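Single-structure report; data block below.
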Amino acid sequence: MAALVERVRRLIETVRSVLHFRPVELDPVARRLARAVSVADLRRIAKRRLPRGVFDYMDGGAEDERTLAANSDAYVRVTFRPRVLRDVGTVDPGTTVLGRPLPIPLVLAPTGFTRIVDPEGELAVARAAARADLPYTLSTLGTRSIEEVAEVSRGRKWFQVYVWRDRGLVKDMIDRAARCGYEALVLTVDTAVFGRRDRDLRRGFALPPKIGLDTLFDGMVHPGWTWDFVRSDPIRFANVVGLGIGDGSDAVSLADYINSQFDPTLSWHDVEWLRSVWDGPLVLKGIQTVDDARLAADAGVEAIALSNHGGRQLDTAPATLDLVAPVAEAVGDRVEIICDGGVRRGSDIVKAVALGARACMAGRAYLYALGAGGERGVDQVLRAFEVDVRRTMALLGVRTVSDLSPDVIGGYGRPHD
Ligand SMILES: Cc1cc2nc3c(=O)[nH]c(=O)nc-3n(C[C@H](O)[C@H](O)[C@H](O)COP(=O)(O)O)c2cc1C
């Protein structure tokens, strides 16, 4: 009998030593975010929360989405060449972009219509970026204005311009950005005309979303998003409200809006013109060839973002990571290179920097986080990037960003040695 009691006692002890119940989390946002350990998890949660049309607008790419996939696949293809026994007791992932320090080589990309994902939209992302000390790029097609974003963020802010047919309007926006302390102008050059996004066409997606029978049903099965959406003020292109050129308050397809408002005659002359009206650094976003990278360097811009708009414009355009090494070789000493598109992990940032980029830009990573958990989601994903970059550097045997070189890359057209 005593032996039996002893066995039961030991059994209970063993079970107790492995049992671990997390405290029940009552806050639904915290509960959702606790389940997300990667950008892929945040995407899955956002997909469940957002109406399908909204999720597809954010997640989708042009045509067959080959470039969208290629951007991320390029990071998967590149392997590391880790060195060991190198004393990585202290790792510093800090660097500089446009001559100013930042804690990791990352800039938040501009995304139009951010409030469609979460009512706080651009304000939430700008605040989170400021807390993480990372530059935030506000889109011309932002749903919060240049001034509203400046009011909530003292952090580094860049302003992305699309060139409207009316240059006076562009000049006016640039002046507003300068007055509000935006540090750099980012001219997006891959949008001469709007890319064809099959997912949006299939759903007849308009901005703001039109409420039809299907969207009504979609809204009903995503009550969290719908409740937030109907309680918030109307979503518009906040930078052009009241200018008489359409501010998105009437449902329009984004393609129709862009094709009617943006100037397809945009050329290198306009880059010169921007130079004449903007005193600060200029970044050209959407460079996709070594030839254009050379022209950009000749034009004297401070930085280029190798970008295909996250695979949303010309399908089968090259993966941006594949451009980094050849562009760095051609112009790396004359212009800063930012690699944009497909970044889902801190190790992706490390790969791009090792191949010659000064930093990466990321868009969907923070949008998924915003859709999954609002501003707290963006905080979480930016923190995760920082931790990831640090850990990746340590596992590579590298202490500083300046020590990141093609030497840490194994399988990128180089045999392992
Ligand atoms: C929903 C969405 C909206 C975007 N809006 C803009 C925009 O207004 N201006 C711009 O230059 N790029 C825009 N982009 C492109 C991003 O700036 C960036 O190039 C792209 O998201 C990078 O790819 P990633 O999402 O894989 O990081 C948008 C991207 C997404 C996903």
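Keep in mind that this is a model prediction, so the values were computed, not measured. Along the sequence shown, the residues carry numbers beginning at 1. Hydrogens, waters and symmetry mates play no part in the numbers below; they use all other heavy atoms, side chains included. Each ligand, and each atom within it, is numbered from 1 in the order the structure gives.
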Report, in ascending order of atom number, the atoms of ligand 1 lying under 4.0 Å from any heavy atom of Arg344. 24 (P), 26 (O), 27 (O)
Element-labelled atoms of ligand 1 that are located less than 4.0 Å from some non-hydrogen atom of Thr188: 10 (C), 11 (O)
Atom CZ in Phe80, atom CG in Leu396: separation rounded to 0.5 Å? 5.0 Å
Provide the number and element of each atom of ligand 1 under 4.0 Å from a heavy atom of Met58. 1 (C), 31 (C)
May I ask you to check whether Gly363 has an N/O atom sitting below 3.5 Å from an N/O atom of ligand 1? yes
Donor + acceptor pair across side chains of Thr188, Gln160 (<3.5 Å): yes
So is Gly112 polar-close to ligand 1, meaning N/O to N/O under 3.5 Å? yes
Part of Thr111 within contact of ligand 1 (heavy atoms, under 4.0 Å): both
Subset of ligand 1 atoms that lie under 4.0 Å from at least one heavy atom of Tyr57: 1 (C), 3 (C)
Close N or O approach (Pro110, ligand 1; < 3.5 Å): yes
The atoms of ligand 1 lying under 4.0 Å from a heavy atom of Gly310, numbered in the order shown, are 19 (O), 20 (C), 22 (C), 23 (O)
Backbone, side chain, both or neither: what part of Thr191 comes under 4.0 angstrom of ligand 1, heavy atoms only? neither
Using non-hydrogen atoms of the residue, decide whether Asp340 is closer than 4.0 angstrom to ligand 1. yes
For Arg364, atoms of ligand 1 separated by under 4.0 Å from a heavy atom: 23 (O), 24 (P), 25 (O), 26 (O), 27 (O), 31 (C)
Answer yes or no: does atom CD of Glu147 have more than 12 heavy-atom neighbours from other residues, nucleotides or ligands under 6.0 Å? yes
His309: numbered ligand 1 atoms lying under 4.0 Å from its heavy atoms: 6 (C), 10 (C), 11 (O), 12 (N), 13 (C), 14 (N), 15 (C), 19 (O)
Ring centres under 6.0 Å, that's the criterion: do Trp158 and Tyr182 meet it? no
For atom 26 (O) of ligand 1, the closest protein heavy atom turns out to be Gly342 N, 2.8 Å
More than 12 heavy atoms from other groups under 6.0 Å of CH2 on Trp227: no
Minimum side-chain heavy-atom gap Tyr366-Leu42 below 4.5 Å: no
Taking 4.0 Å as the limit for heavy-atom contacts, which would you say applies to Phe113 with ligand 1: side chain only, backbone only, both, or neither? neither
Starting from atom 8 (O) of ligand 1, find the nearest protein heavy-atom neighbour and note its residue, name and distance. Ser139 OG, 2.7 Å
For ligand 1, which is the ligand I care about here, please tell me if Arg312 has any N or O atom under 3.5 Å from one of the ligand's N or O atoms. no
Flag if over 12 foreign heavy atoms under 6.0 Å of CG, Asp279: no
Give the numbers and elements of all ligand 1 atoms closer than 4.0 Å to a heavy atom of Ala362. 27 (O)
Hey, are Thr289 and Arg294 close enough side-chain-wise for a donor-acceptor pair under 3.5 Å? no
Tell me whether Arg66 at atom CZ has more than 12 heavy atoms from other residues, nucleotides or ligands lying less than 6.0 Å away. no
Kindly indicate, with the supporting measurements, whether the criterion salt bridge (charged side-chain N to carboxylate O under 4.0 Å, His left out) is fulfilled by Asp379 and Arg376. CA-CA 5 Å; Asp379 280 332; Arg376 281 186 275 168; over 6 Å; no
What orientation do Phe113 and Tyr57 show, parallel under 30°, tilted 30 to 60°, or perpendicular over 60°? perpendicular
For ligand 1, does Gln160 get within less than 4.0 Å through its side chain, its backbone, both, or neither, judged by non-hydrogen atoms? side chain
Take the angle between the ring planes of Tyr368 and Phe55 and call it parallel below 30°, perpendicular above 60°, tilted in between. parallel
Return the closest protein heavy atom for atom 12 (N) of ligand 1 as residue, atom name and distance. Lys285 NZ, 3.0 Å
Have a look at ligand 1 and work out which part of Ser307, if any, has a heavy atom under 4.0 Å from it: side chain, backbone, both or neither. side chain
Rounded to the nearest 0.5 Å, what's the gap from CG on Asp200 to CZ on Arg312? Could you check? 7.0 Å
Among all protein heavy atoms, pick the one closest to atom 9 (N) of ligand 1 and tell me residue, atom and distance. Tyr162 OH, 2.9 Å
